[in-house]
Amino acid sequence: MGKSSILLINGSLQRRIHGLIGAFFKSPHLKAQITRDMQSYVQESMEKWREDHPIFIQDETKNIAFQVLVKALISLDPGEEMELLKKQFQEFIAGLMSLPLKNIPGSQLYRSLQAKKKMVKLVQKIIKSKRDHGMISMVPKDLVQVLLNDASEQLTDDLIADNMIDMMIPGEDSVPVLMTLAVKYLSDCPPALHQLTEENMKLKSLKAQHGEPMCWSDYLSLPFTQTVITETLRMGNIIIGVMRKAMKDIEIKGYLIPKGWCAFAYFRSVHLDENNYEWPYQFNPWRWQDKDMSNSSFTPFGGGQRLCPGLDLARLEASIFLHHFVTQFRWVAEDDTIVNFPTVRMKRRMPIWVKRRGEN
């Protein structure tokens, strides 16, 4: 990730960057932009779906979510540069879990780091263009501009470019996997699918009657859809855990973690613990209708000062995708299994056969 990654820096600089990112990601302006882009890319993607071919949900959601996030980060639209970035990014992310042989040409990590260098060059070109065109003092329309507008001398162009690449990971990995797993769990649980479809159909019909477009708050207002996303986060454990370093000797439940040692907080062991959840391996979105989410037994986005700043956007994107999916299609899923290591994904990329609603 590099020493300047927000995942590795500490202290006031980390708090500064985290605060700027969090404020931008929570802004109604960005949520409205994300909603427009997500609706557009989802519709564009779904229009191409055919009934005589399997649709691979994991591939479709990756394509959609990556484009939406990259636009929010660096204002890059679909096209040649986006395709080049996507290709380099896939090479980069393939090396996140690999043997540490970075100086051996041909090794996965070497190829991954070379791909990151090419991506950083592209982002640096975009940063230079913004500076040359005097776009720094304008109202920011992407995250690069937010960070460039900050007066801190510590926020160098190199640090900003590096972090833009790291922040693309949710667009290629965690957000698409959240959407894919939601489709998987709904396929295996007809009562949940029925209730979610009814809820979304009702809202779609209501908006059509009033002649109003869907806005971001509409998607997040669907209570059962939110419980499905919450239960998918609990069972899916898309982020399996977080690494922390002991800054001093610390004792937890009778175990000593010496200063300087690394600890891995493993979320799966908490989210699938029967002391915290009844029948933990059963997909049950109804459990969240009267359960508190703000406790330490539910941490899909981490916690504390390193809580994922994009958690609201992840929910929003998943809500938009599910709404358009269930209101436009019926489907039959082929058998597929969830792989949990080294990262969470579907073994066969979640193939389904779709039928458009309103057709026999």
Side-chain angles (χ1 to χ4, degrees), residues 1-2 4-7 9 16-41 44 61-93 96 112-152 154-176 308-310 312-314 316-317:
M1 304 303 272
S4 60
S5 169
I6 192 172
L7 296 175
I9 55 176
R16 182 85 190 138
I17 297 173
H18 193 277
L20 290 168
I21 294 168
F24 181 60
F25 279 179
K26 284 185 176 72
S27 69
H29 163 77
L30 181 71
K31 284 177 181 170
Q33 178 193 310
I34 291 274
T35 301
R36 286 192 303 273
D37 291 340
M38 190 75 189
Q39 287 170 332
S40 170
Y41 295 144
E44 192 181 302
T61 53
K62 279 190 178 192
N63 190 41
I64 294 164
F66 188 75
Q67 292 184 124
V68 170
L69 184 59
V70 167
K71 188 167 181 187
L73 295 176
I74 58 175
S75 294
L76 190 65
D77 286 312
E80 199 177 316
E81 279 190 323
M82 177 70 84
E83 291 308 309
L84 184 69
L85 185 69
K86 207 184 297 179
K87 187 181 168 198
Q88 296 296 344
F89 192 83
Q90 282 162 357
E91 186 71 78
F92 161 64
I93 209 167
L96 284 184
S112 178
L113 292 171
Q114 293 304 309
K116 184 169 184 182
K117 281 179 189 171
K118 289 174 187 169
M119 289 189 292
V120 167
K121 274 186 185 171
L122 173 62
V123 177
Q124 284 171 334
K125 188 175 86 174
I126 290 167
I127 290 172
K128 185 177 184 303
S129 171
K130 285 183 185 289
R131 287 201 187 280
D132 292 349
H133 291 91
M135 294 169 72
I136 306 309
S137 60
M138 293 167 61
V139 176
K141 62 174 185 173
D142 59 32
L143 187 57
V144 157
Q145 236 172 300
V146 169
L147 297 179
L148 288 174
N149 283 357
D150 190 72
S152 170
Q154 289 179 291
L155 287 178
T156 62
D157 288 3
D158 286 350
L159 182 144
I160 292 170
D162 257 359
N163 275 287
M164 285 307 103
I165 307 305
D166 296 346
M167 293 195 66
M168 289 175 194
I169 292 172
E172 167 68 20
D173 199 51
S174 39
V175 175
C308 172
D312 290 343
L313 295 187
L316 177 58
E317 288 186 54

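We use all heavy atoms of the structure for the numbers below, so side chains are in, but hydrogens, waters and symmetry mates are not. Residues take their numbers from the sequence shown, with the count starting at 1.
The shortest side-chain heavy-atom distance between Leu147 and Met164 falls under the 4.5 Å cut-off. Inter-residue side-chain proximity for Leu73 and Val144 is flagged as unmet; no heavy-atom pair is nearer than 4.5 Å. Proximity of Val175 to Leu69: side-chain heavy atoms (C-beta onward) are nowhere separated by under 4.5 Å. By the 4.5 Å heavy-atom criterion applied to side chains, Phe66 and Pro176 are not counted as neighbours. Counting heavy atoms from C-beta outward, Arg131 and Asp157 have side chains that approach closer than 4.5 Å. Using a 4.5 Å heavy-atom cutoff, the side chains of Ile74 and Val70 are in contact.
The CD1 atom of Ile126 sits 4.5 Å away from atom CG of Leu122, with the distance rounded to the nearest 0.5 Å. Between the NZ atom in Lys117 and the NZ atom in Lys121 there is a gap of 9.0 Å [rounded to 0.5 Å]. Between the CD1 atom of Ile165 and the NZ atom of Lys118 there is a distance of 13.0 Å, given to the nearest 0.5 Å. Taking CG of Leu7 as the start and CE of Met167 as the end, the distance is 9.5 Å to the nearest 0.5 Å.
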Return a table of donor-acceptor pairs under 3.5 angstrom between the side chains of residues 19-35 and protein atoms on other chains or two or more places apart.
unit_1: Ser27; atom_1: OG; unit_2: Phe24; atom_2: O; d: 2.7
unit_1: Ser27; atom_1: OG; unit_2: Leu30; atom_2: N; d: 3.2
unit_1: Thr35; atom_1: OG1; unit_2: Lys31; atom_2: O; d: 2.7

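Partners of Asp142 by side-chain hydrogen bond (donor to acceptor under 3.5 Å, both in side chains), not counting sequence neighbours, listed by chain and number: Ser75, Lys130. With sequence neighbours left out, Leu96 forms a side chain to side chain contact (heavy atoms under 4.5 Å, CB included) with Met1, Phe92, Ile93, Ile169. With sequence neighbours excluded, the residues satisfying side chain to side chain contact (heavy atoms under 4.5 Å, CB included) with Asp132 are Lys128. Considering only residues two or more places apart in sequence or on other chains, Gln124 meets the side-chain hydrogen bond (donor to acceptor under 3.5 Å, both in side chains) condition with Asp158. Arg36 is linked by a side-chain hydrogen bond (donor to acceptor under 3.5 Å, both in side chains) to nothing, counting only residues two or more places apart in sequence or in another chain. Scanning for salt bridge (charged side-chain N to carboxylate O under 4.0 Å, His left out) contacts around Asp37 gives Lys71, with sequence neighbours left out.
Listed by first and then second residue, the side-chain hydrogen bond (donor to acceptor under 3.5 Å, both in side chains) pairs that reach into residues 159-171 are Ser4-Asp162, Ser5-Asp166, Lys116-Asp166, sequence neighbours excluded. Evaluation of the side-chain hydrogen bond (donor to acceptor under 3.5 Å, both in side chains) test over residues 81-90, restricted to residues two or more places apart or in two chains, returns Asn63-Lys86, Glu81-Lys125, Glu83-Lys86.
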### Message
Before you tell me yes or no, could you show the steps for Leu85 and Met168 under side-chain contact (heavy atoms from CB on, under 4.5 Å), namely the whole-Å CA-CA distance, both residues' side-chain angles and the distance that decides it to 0.1 Å?
### Response
CA-CA 10 Å; Leu85 185 69; Met168 289 175 194; 3.9 Å; yes
### Query
Can you list the steps and then say if Asp312 with Leu316 is a side-chain contact (heavy atoms from CB on, under 4.5 Å)?
CA-CA 6 Å; Asp312 290 343; Leu316 177 58; over 6 Å; no
#### Entry: CA sep, side-chain torsions, deciding dist, call: Ile9, Ile17, side-chain contact (heavy atoms from CB on, under 4.5 Å)
CA-CA 10 Å; Ile9 55 176; Ile17 297 173; 3.6 Å; yes
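Ionic pairing of Lys62 and Asp173 is not present here: no N-O contact between side-chain nitrogen and carboxylate oxygen is shorter than 4.0 angstrom.
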